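Some notes on the structure that comes next.
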2 protein chains.
Amino acid sequence: MANREPKPTINDVARLAGVSKKTVSRVINNSPLLNDATRDKVTAVIRDLGYVPNPQARALALRRNFLIGLIHDNPNAQMVLSVQEGMLDAMKGTEFALVVRPVDRKSPQLFDDIRHFIEQQRLYGIYVLPPVSENDEVARLCAELGCRYVRMGSARLDDEEHLVESNDREAVREAVDKLIRDGHTRIGHVAGPDGFRSAREREAGLREALLAHGLSLPDELRASGNYTFESGYAAAKQVLSQNPRPSAIFAANDEMAAAVLHAALEQGLEVPRQLSILGFDDTPIGAHIWPPLSTVRWPIRAMARSAAFKLIQPDRAAEHKSFFRSELVERASTAPFKG
Amino acid sequence: MANREPKPTINDVARLAGVSKKTVSRVINNSPLLNDATRDKVTAVIRDLGYVPNPQARALALRRNFLIGLIHDNPNAQMVLSVQEGMLDAMKGTEFALVVRPVDRKSPQLFDDIRHFIEQQRLYGIYVLPPVSENDEVARLCAELGCRYVRMGSARLDDEEHLVESNDREAVREAVDKLIRDGHTRIGHVAGPDGFRSAREREAGLREALLAHGLSLPDELRASGNYTFESGYAAAKQVLSQNPRPSAIFAANDEMAAAVLHAALEQGLEVPRQLSILGFDDTPIGAHIWPPLSTVRWPIRAMARSAAFKLIQPDRAAEHKSFFRSELVERASTAPFKG
DNA sequence: TCGTTTATGGTAACCGGTGTCAATAAGTCT
DNA sequence: AGACTTATTGACACCGGTTACCATAAACGA
């Protein structure tokens with residue numbers, strides 16, 4: 001284990017530089033009222049000693065800390081990791097650190113868990129991902145605890161200071177509109193879980209597009225999953241067992257779209273010749289399966305970056321973007337319908 | 001934003017309970033030398049006030065903190081997230097929190113980044129994932145900084161206190177042995193990146209199995225990627241373009257195995273009839289593509305759990321498992337070779 | 001020349017916990 | 001009964017930073 005030599009403190013720096021603690025503190029905090037010579041002297045000592053201010057002590061004195069939390073209960077690993085990357089991108093070079101905490105949104109202790117997470121580490125702010133973010137109680141809890149928060153959503157959840165959101169509904173409407181113009185009239189849907197706003201928005205986009213062309217979503221061509229591959233697989237089997245089969249299926253996320261593809265290939269269907277599949281998310285899995293998935297790209301990383309900025313610069317929260325555009329990415333899993 | 005009412009401190013509790021700070025501190029820390037009546041009285045006040053000790057103050061006084069770091073530079077999202085889950089599983093109910101930090105292993109600033117990460121937050125311990133974990137300098141740096149560490153690896157990296165590892169080589173040897181017994185004699189390899197110990201181990205397992213049957217790995221049937229889908233795709237195209245084609249390909253991870261499948265299907269090959277594919281990791285992508293991938297399962301989550309235990313209970317580090325067994329998961333991407 | 005302003009740096013208290021050690025009360029032993 | 005333990009609690013300094021406020025010296029104006 002070796003040398004546990006105590007790290008140099010502000011006192012060591014002060015002593016060696018022949019100045020007071022306060023002066024060192026001024027140097028650390030870039031105070032303007034300081035003689036250049038003094039500043040250089042202190043800076044030199046800091047460098048020589050390899051001094052790094054103790055963040056715990058700073059946090060104590062400043063009555064705030066530098067931890068940003070990420071709360072999620074999301075079956076989509078790639079999405080969560082993209083979020084982490086986006087947040088860290090914004091936090092790079094600052095003294096903030098990212099603390100993660102998956103929760104169970106169905107647990108009766110959800111709120112206790114979140115409260116505990118925030119209070120225990122005295123978090124400075126948290127970013128909440130869907131579906132947890134769709135729960136208004138969570139926002140209330142944060143406000144009550146005096147913890148800054150930003151929610152990620154697919155529809156209006158809160159005011160701009162506290163959200164980053166994307167236009168799922170419109171994007172889906174446009175993507176489905178294209179399918180219809182390509183000749184598809186019988187379109188199935190593997191929906192997201194009931195009660196998820198993102199699921200409702202995406203389904204609404206689908207229905208709006210259908211309606212605009214005088215079409216509709218037959219009940220038997222709709223089944224819902226919970227955004228996991230397995231649930232999507234079950235839903236896909238159900239929808240594909242209908243007669244006549246749909247010529248296209250829109251799945252509420254890529255994971256479930258991959259499951260639709262899986263089920264279709266398993267039944268010997270040719271994709272996209274016999275079945276077009278449209279996903280949502282643009283996660284790597286979509287690009288990696290064969291045929292590669294047409295999907296709606298959601299700027300998750302950029303949203304996370306913006307969210308982190310809002311959290312660490314609360315006074316300038318409004319300057320950072322809140323509304324993001326999702327857009328269609330066409331790949332090989334969709335094709336015009338040839339009756 | 002609402003009420004930023006200051007949180008109750010130990011002094012508030014002491015005053016209301018009519019005891020000294022120190023006594024409250026004793027209650028918080030479950031000191032045995034305390035009168036039951038006093039303890040109850042203080043506990044009641046703590047509950048009424050909703051008092052939660054300030055971790056920053058505690059960290060300062062104890063000259064240690066409760067943050068465990070996770071360092072990775074891993075293209076595999078699912079793996080990283082499984083690791084996070086495993087670690088948090090071990091940390092559940094403790095006062096520890098998990099701080100994440102992706103790094104760039106190729107950056108000349110890698111060591112500065114890691115040093116900065118550890119020093120800035122004064123981390124209590126860190127868990128380092130491959131391939132960063134394969135760098136002995138990282139271990140040295142941790143020791144120098146007085147930061148506990150555990151490295152994840154596929155071969156001996158350090159002593160038991162500082163590692164969790166799996167038997168990749170053996171597991172691959174057994175899996176490939178099965179392929180050979182199933183009639184495959186011309187087996188290709190999409191290897192991991194040069195310089196990765198995990199890549200070397202997995203390739204070594206393959207070669208050992210081949211050698212045991214008097215076979216070998218022809219140079220033209222080997223290409224390497226860097227564990228990403230894209231790199232695997234390029235490597236797969238190269239290997240599949242050889243004549244005669246291999247009847248089976250072992251890819252060093254699932255992501256690249258998915259790419260091999262992708263490339264094979266794209267060329268109109270039937271899997272597994274014309275080509276068997278074996279992966280490594282057992283990530284969801286492997287189970288979700290069609291046909292589902294035969295692969296070697298690596299107990300990533302259990303390893304992470306054990307690593308976290310070693311970190312948060314350093315005195316009992318040796319009690320927690322260091323060696324884990326990987327094993328073959330047979331699915332539909334492999335089949336006996338029918339000349 | 002002296003008072004006044006403007007830089008600059010020091011002192012002390014505090015943030016919210018912890019350790020050390022001494023003080024008090026109660027019980028035990030001879 | 002008096003001395004000696006033991007159990008329980010508190011006083012106080014300290015962790016490593018911060019802010020509030022004061023002190024000193026140099027520069028300036030009259």
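A note on names: the letters A, B, ... follow the listed sequences, proteins ahead of strands, and every chain is numbered from 1. The structure displayed is predicted, hence computed values, not measured ones.
As rounded to whole Å, 12 Å separates atom P of dA27(D) from atom CG of N35(A). Regarding R39(B), its CZ atom lies at a distance of 15 Å from the P atom of dA7(D), rounded to whole Å. Remark: P of dT8(C) and CG of D40(A) are 13 Å apart, rounded to the nearest angstrom. Counting to the nearest Å, the P atom of dT18(C) and the CG atom of L33(B) are 14 Å from each other. Here dT18(C) presents its P atom at 11 Å from CG of N30(B), a figure rounded to the nearest Å. The CG atom of N65(B) sits 15 Å away from the P atom of dT18(C) (whole-angstrom rounding). The distance between atom CD of E119(A) and atom P of dG16(C), rounded to the nearest whole Å, is 15 Å.
In this structure, D89(A) does not pair ionically with K92(A), as no charged nitrogen and carboxylate oxygen lie closer than 4.0 Å. Taking 4.0 Å as the cut-off between side-chain N and carboxylate O, R151(A) and D136(A) count as a salt-bridged pair.
Taking the ring centre of F323(A) as origin, the terminal cationic atom of K321(A) falls outside the region bounded by 6.0 Å and 45° from the ring axis.
The two residues L145(B) and K7(A) make their nearest non-hydrogen contact at O-NZ, 3.7 Å. Looking at every heavy atom in both residues, W298(B) comes nearest to S154(B) through CZ2-OG, 4.3 Å.
Within the structure, a side-chain polar atom (N or O) of T23(B) is placed less than 4.0 Å from OP1 or OP2 of dG10(D). Here T38(B) does not reach the OP1 or OP2 of dT8(D): none of its side-chain N or O atoms lies under 4.0 Å away.
Using modelled atom types, one side-chain atom of Q121(A) and one backbone atom of E95(B) make a donor-acceptor pair closer than 3.5 Å.
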Is there any protein nitrogen or oxygen under 3.5 Å from a nitrogen or oxygen in nucleotides 15-21 of chain D, and what are the pairs?
residue : atom : partner : partner atom : Å
dG17(D) : OP1  : Y51(A)  : OH           : 3.0
dG17(D) : OP1  : N54(A)  : N            : 3.2
dG17(D) : OP2  : I10(A)  : N            : 2.7
dG17(D) : OP2  : Y51(A)  : OH           : 3.3
dG17(D) : O5'  : Y51(A)  : OH           : 3.0
dG17(D) : N7   : K21(A)  : NZ           : 2.7
dG17(D) : O6   : K21(A)  : NZ           : 3.0
dT18(D) : OP1  : N29(A)  : ND2          : 2.9
dT18(D) : OP1  : R58(A)  : NH1          : 2.8
dT18(D) : OP2  : S25(A)  : OG           : 2.5

